[in-house]
Chemist: 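Can you keep this structure in mind? I'll have questions shortly.
This one's a predicted model, so the numbers in the text were calculated from it and none came from an experiment. Residue numbering restarts at 1 for every chain, and letters A, B, ... go by the order of the sequence lines.
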Amino acid sequence: MTDYNPIKIEEKWRKKWEEKKAWNIDIKKSKKPYYNLMMFPYPSAEGLHIGNVYAFTGADIHGRYMRMNGHDVFEPMGFDAFGIHSENFAIKQGTHPKDETGKNVNNFREQLKHMGALFDWEHEVDTSSPDYYKWTQWLFLQLYKQGLAYRAKAPVDWCPGCKTVLANEQVIGGKCERCDSVVEQKDLEQWFLKITKYAEKLLNNLDEIDWSEVVKTAQRNWIGRSTGAELEFRIKNHESRVRVFTTRPDTLFGATYLVLSPEHPLVSSMIHDSKFMIQNLDEIKDYINDTKKKTELERTDLAKEKTGVELKGVKAINPANNKEITVWIADYVLSGYGTGAIMAVPAHDQRDFEFAKKYDLSIEMVICPNYPDPTCPVLDEAYEGEGYLVASGDFTGMPNEEAKDKIAKFVNGEEKINYHLRDWLISRQRYWGPPIPIIYCDKCGAVPVPEKDLPVELPYVEDFHPTGTDKSPLATIEEFVKTKCPQCGGEARRETDVSDTFLDSSWYFLRYPSTEFHKKPFDETITKKWLPVDMYIGGKEHSVLHLMYARFITMALRDAGLIDFEEPFVKFRAHGLLIREGAKMSKSRGNVISPDDYFESYGADALRMYLMFLGPYEQGGDWQDSGITGVARFLKKVWELCQNKKGKVKNDPELERLTHKTVKKVTEDIENLRYNTAIAALMEYVNKLTQYTAYDIYCVETLLQLLAPLAPHITEELWQEALGHEASIHNEKWPEYDPEKIKEERARMAVQINGKVRSQIEVDVDAQEDDMKELALGDEKIKKWLEGKTPKKIIVVPNRVVNIVI
RNA sequence: GCCCGGGUGGUGAAACUGGUAAACACGUUUGACUUAAAAUCAAAUGCCGAAAGGCUUGAGAGUUCGAGUCUCUCCCCGGGCACCA
């Protein structure tokens, strides 16, 4: 009998599988395609992170399970190698991202090969290779043609750390998601993708797709749909109008002032137009300047007291009651949302209430909870609840919900839906990304690079460091910038910004099956066969980034007639976070687990299984250093079980039942990504088997088949070498169970008195309820407890419990 | 503030439609084997108690013969959104 040497057998099978290309499937001819996708990593210099291994193992088990269920599983892997993260790392190391990336990709690939996953390396993708980013640029051009890519001057978020502008989604609480710097606001001309066009579809489709609920809610929150009305206020003695967005038109009679954001266009025109006769111009200019100096973080700090300035001399007219009201500017009103102006109803909005208190503005209650009792409560905070209208002209007495529509109509308001979602800013003033394929010509304006001229190659630039200006380092490369206009042939300049990394990853799943095609991004027939993706597994940190962008791009490509589906991922599951002994793993804590250490000591099978055993996959796991010995012991037991070929004994009913039960349990658990309990069931099964001196070989075969997706190497070795099968276990069909054979003959029942367990009885499973009752009452312990008292009531749950109530 | 998760032994965690809480593992203790250690095997292990028994799923209330599971109120941890009008 040979000892279990995981390192040796894993190396052996790794080689064999690679030689045979065991997992590669015929993309073109496949009859039962199953696209099993996981989020490709960015190849950092530190190498494969244990969190990657955790994520990929769970996804690979799913793929292997589907494979044994007869599907042609396509499980590609690639590298998100372009982008700020790779570039920042190169800067830190004093290397060049291009040299760095090649090295890291090779390192990652080698590490990934140790996992024993189904990865198909013939379909690898690297977003930084010209063969890939050529099509990222092509994608941009398609969006441009559709009118979904546009250039606009807008207030944008600038990260002083990364020295580039960022998309909205990449600013978390006023800070850069990459480097944590507080972002600043700049007015710059940038390229945007019109994701807002799809806001409604992105939101509505969420109800239909089979995705983890966490991610769906995150996206719903982010899209942030709110319905209301736009109302118009006249300015007294002037032709100007102010439009406001409100979700509470029912409170219009209580609007006692207007607030404009300091950036509101009307504000600057008022300053420059003497007709307005503003009395405190200097004060207003100062306030606007102060606002400009603030970062978004300071401006939106909830803790800070609200500030504002009245536009003295300007009055607006409340359209509901024609009362004159004052007009203010305040930085708590954001220019980017709604119309950049609000009607303030201090009685029914907490923010307005605070502002009104501070500046002593009138607070008029128009919604009252205790109508028709005319006494309204005295407010020490805004009343935001339901009620009936008071002091609201003809609407007085109406329930406020009903009044929303009616008052909006009464003042000719317009129904309006607003979204929190903003267009996707994709320009980056950085080097390591695909140059945006646009040429500027003095005569023709912005001209897209003709598709035949793609890729616009990223030149190898010695000094690729971000400049810190609003220009990318490419702007200093004369040979790159200077070009001819594709339209008129005249002198022209190239766009020098590159696009956001998330554009690279927004379509990579379309590329994988078509990597062999070099003249198109994805082949039509193959795409029809393989997409949308059947299962996508990844982290929830990309809920409103990658996962939303990918959906948007898919919708846009569909509308362009390039694909025929609008949701890229039929099923998405978010895995949990892997932590270590209760704490997050991070470089700064120095508590990051190295997968290589475990590949080389316990082996990949033990590592895979331990990671999955830690807890429910979708919930995350807490790595305990001492824990891996448990699965290592288990694998050793499995090994030994297969070495001693015990005698053939058929029809041990208890063992047969357990075998079928285990098949059922493991099948259901794997299907639902509950790998931890699947492993527990296998452990129980093995513990039982080791107690037997003889059993049918079928038991061991079934065990290995159930274990194969979790521990691919050891099961292959035992299947072929110990049990003598010629073909791979991974080509075996997934075991089935017979529901008839799971049924027990006898059952243990609890006997309770007033709900407390006092004894146990054993019964035939198909016994009559009365027999169970009788057996319970006859039990010695129960008799003692009853002491001759007559039960008031006896409840029998067959094969479970008898509860005697006295 | 709003929206998702979650709170169960010393630890990671199980528990089907409400029906014997703590499966599976780690750790610990004891014993066997060994000169010894490791490995392995066997036994014990929720808490209190010598035992009988009592108590126990974040807290409190409720529904029920019976609640970790359902309802309500509240507390704590993780995450998302947020002066969004």
Side-chain angles (χ1 to χ4, degrees), chain A residues 3 172-173 212-226 228 244-248 251 259 299-304 306 330-334 336-345 348-352 354-355 384 418-421 540-541 543-544 574 576-577 579 581-582 584 610 613-616 618-631 633-634 636-637 640 665 668 674 676-687 690 748-760 791-806:
Chain A
D3 282 341
I172 313 289
S212 291
E213 206 50 48
V214 241
V215 175
K216 293 211 262 185
T217 1
Q219 293 204 351
R220 282 191 192 106
N221 283 344
W222 186 260
I223 295 167
R225 183 185 202 266
S226 82
V244 302
F245 173 71
T246 179
T247 55
R248 295 293 305 273
T251 62
V259 190
R299 195 170 158 179
T300 57
D301 182 3
L302 274 166
K304 108 179 180 249
K306 292 176 183 29
D331 67 3
Y332 79 90
V333 174
L334 307 172
Y337 187 78
T339 61
I342 60 156
M343 63 179 212
V345 185
H348 303 292
D349 181 284
Q350 189 56 27
R351 293 157 302 183
D352 299 341
E354 284 162 24
F355 193 80
E384 293 178 340
N418 263 312
Y419 300 93
H420 167 248
L421 183 71
K540 40 188 159 240
E541 66 276 13
S543 296
V544 296
L577 188 69
I579 56 170
E581 322 228 297
K584 256 185 195 159
Y610 182 51
F613 187 58
L614 291 171
E618 290 179 81
Q619 216 100 128
D622 189 354
W623 175 286
Q624 315 265 319
D625 292 344
S626 57
I628 195 167
T629 53
V631 292
R633 279 177 195 148
F634 165 76
K636 206 173 160 193
K637 277 192 213 168
E640 276 155 17
K665 174 81 178 144
E668 287 170 357
R674 290 190 303 247
N676 56 330
T677 47
I679 293 169
L682 288 167
M683 285 174 166
E684 280 184 76
Y685 187 56
V686 166
N687 289 346
T690 51
R748 260 182 174 237
M749 292 178 70
V751 184
Q752 302 178 329
I753 291 176
N754 291 343
K756 286 196 199 297
V757 179
R758 295 303 182 191
S759 187
Q760 292 189 346
K792 282 188 205 140
K793 199 172 176 185
I794 300 176
I795 290 116
V796 180
V797 183
N799 304 324
R800 292 248 176 224
V801 83
V802 177
N803 190 12
I804 302 165
V805 186
I806 55 172

Chemist: Got a sec, which pairs hit salt bridge (Lys or Arg N to Asp or Glu O under 4.0 Å) with one end in residues 620-631 of chain A, sequence neighbours left out?
Modeler: A/Arg580-A/Asp625

Chemist: What's the closest nucleotide to the A/Gln619 side chain, out of B/G66, B/C81, B/G6?
Modeler: B/G6

Chemist: Provide the distance between the two P atoms, one in B/G46 and one in B/A25, to the nearest whole Å.
Modeler: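 My reading of the P atoms in B/G46 and B/A25 gives 16 Å.
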
Chemist: Name all pairs fulfilling the salt bridge (Lys or Arg N to Asp or Glu O under 4.0 Å) condition that reach into residues 212-223 of chain A, sequence neighbours left out, sorted by first residue then second.
Modeler: A/Asp207-A/Arg220, A/Glu213-A/Arg220

Chemist: Give the nucleotide from the list B/G27, B/A23, B/C4 with an atom nearest to the side chain of A/Thr217.
Modeler: B/C4

Chemist: Are the side chains of A/Ser212 and A/Glu618 in contact, using a 4.5 Å heavy-atom criterion?
Modeler: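 Answer yes - side chains close enough.
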
Chemist: Show the distances under 3.5 angstrom between N or O atoms of the protein and N or O atoms of nucleotides 51-54 of chain B.
Modeler:
| unit_1 | atom_1 | unit_2 | atom_2 | d |
| --- | --- | --- | --- | --- |
| B/G54 | OP1 | A/Arg758 | NH1 | 3.4 |
| B/G54 | OP1 | A/Arg758 | NH2 | 3.1 |
| B/G54 | OP2 | A/Arg758 | NH1 | 3.0 |

Chemist: Return the orientation label for the A/Phe355 and A/Tyr332 ring planes: parallel under 30°, perpendicular over 60°, tilted otherwise.
Modeler: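 Answer is tilted, since the angle falls between 30° and 60°.
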
Chemist: Does A/Tyr610 have any ring-ring contact (aromatic ring centres under 6.0 Å, His included) partners at least two apart in sequence or in another chain, and if so, which?
Modeler: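 Once residues adjacent in sequence are excluded, the partners of A/Tyr610 under the ring-ring contact (aromatic ring centres under 6.0 Å, His included) criterion are A/Trp623.
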
Chemist: With sugar-phosphate meaning primed atoms plus P, OP1 and OP2, does A/Asn418 contact a base, only sugar-phosphate, or nothing at under 4.0 Å between heavy atoms?
Modeler: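 Here A/Asn418 touches no strand at all.
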
Chemist: Starting from the 5' end of RNA chain B, give me the residue, A/Ser626 or A/Leu334, whose nearest nucleotide shows up first.
Modeler: A/Ser626

Chemist: A/Gln350 near the nucleic acid: base, sugar-phosphate alone, or nothing, with a heavy-atom cut-off under 4.0 Å?
Modeler: nothing

Chemist: What is the nucleic acid contact for A/Val797, judged by heavy atoms within less than 4.0 Å: base, sugar-phosphate only, or nothing?
Modeler: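 A/Val797: base contact, heavy atoms under 4.0 Å.
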
Chemist: For A/Ile223 and B/A82, what is the distance between atoms CD1 and C1' respectively, to the nearest whole Å?
Modeler: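 That distance rounds to 16 Å.
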
Chemist: With sugar-phosphate meaning primed atoms plus P, OP1 and OP2, does A/Ser543 contact a base, only sugar-phosphate, or nothing at under 4.0 Å between heavy atoms?
Modeler: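 If one applies the 4.0 Å heavy-atom cut-off, A/Ser543 turns out to touch nothing in the nucleic acid.
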
Chemist: Base, sugar-phosphate or nothing for A/Lys665? Non-hydrogen atoms, less than 4.0 Å.
Modeler: nothing

Chemist: May I have the list of side-chain donor-acceptor pairs in residues 793-800 of chain A shorter than 3.5 Å, sequence neighbours left out?
Modeler:
| unit_1 | atom_1 | unit_2 | atom_2 | d |
| --- | --- | --- | --- | --- |
| A/Asn799 | ND2 | A/Val765 | O | 3.1 |

Chemist: Under 4.5 Å between any side-chain heavy atoms of A/Ile342 and A/Asp352, yes or no?
Modeler: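 Side-chain contact under 4.5 Å: yes.
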
Chemist: Quick one: which of B/A14, B/U20, B/C4 gets closest to the side chain of A/Arg748?
Modeler: B/U20

Chemist: Check nucleotides 11-13 of chain B for protein N or O atoms closer than 3.5 Å to its own N or O atoms and list the pairs.
Modeler:
| unit_1 | atom_1 | unit_2 | atom_2 | d |
| --- | --- | --- | --- | --- |
| B/U11 | O2' | A/Gln624 | OE1 | 3.0 |
| B/G12 | O2' | A/Leu614 | O | 2.7 |

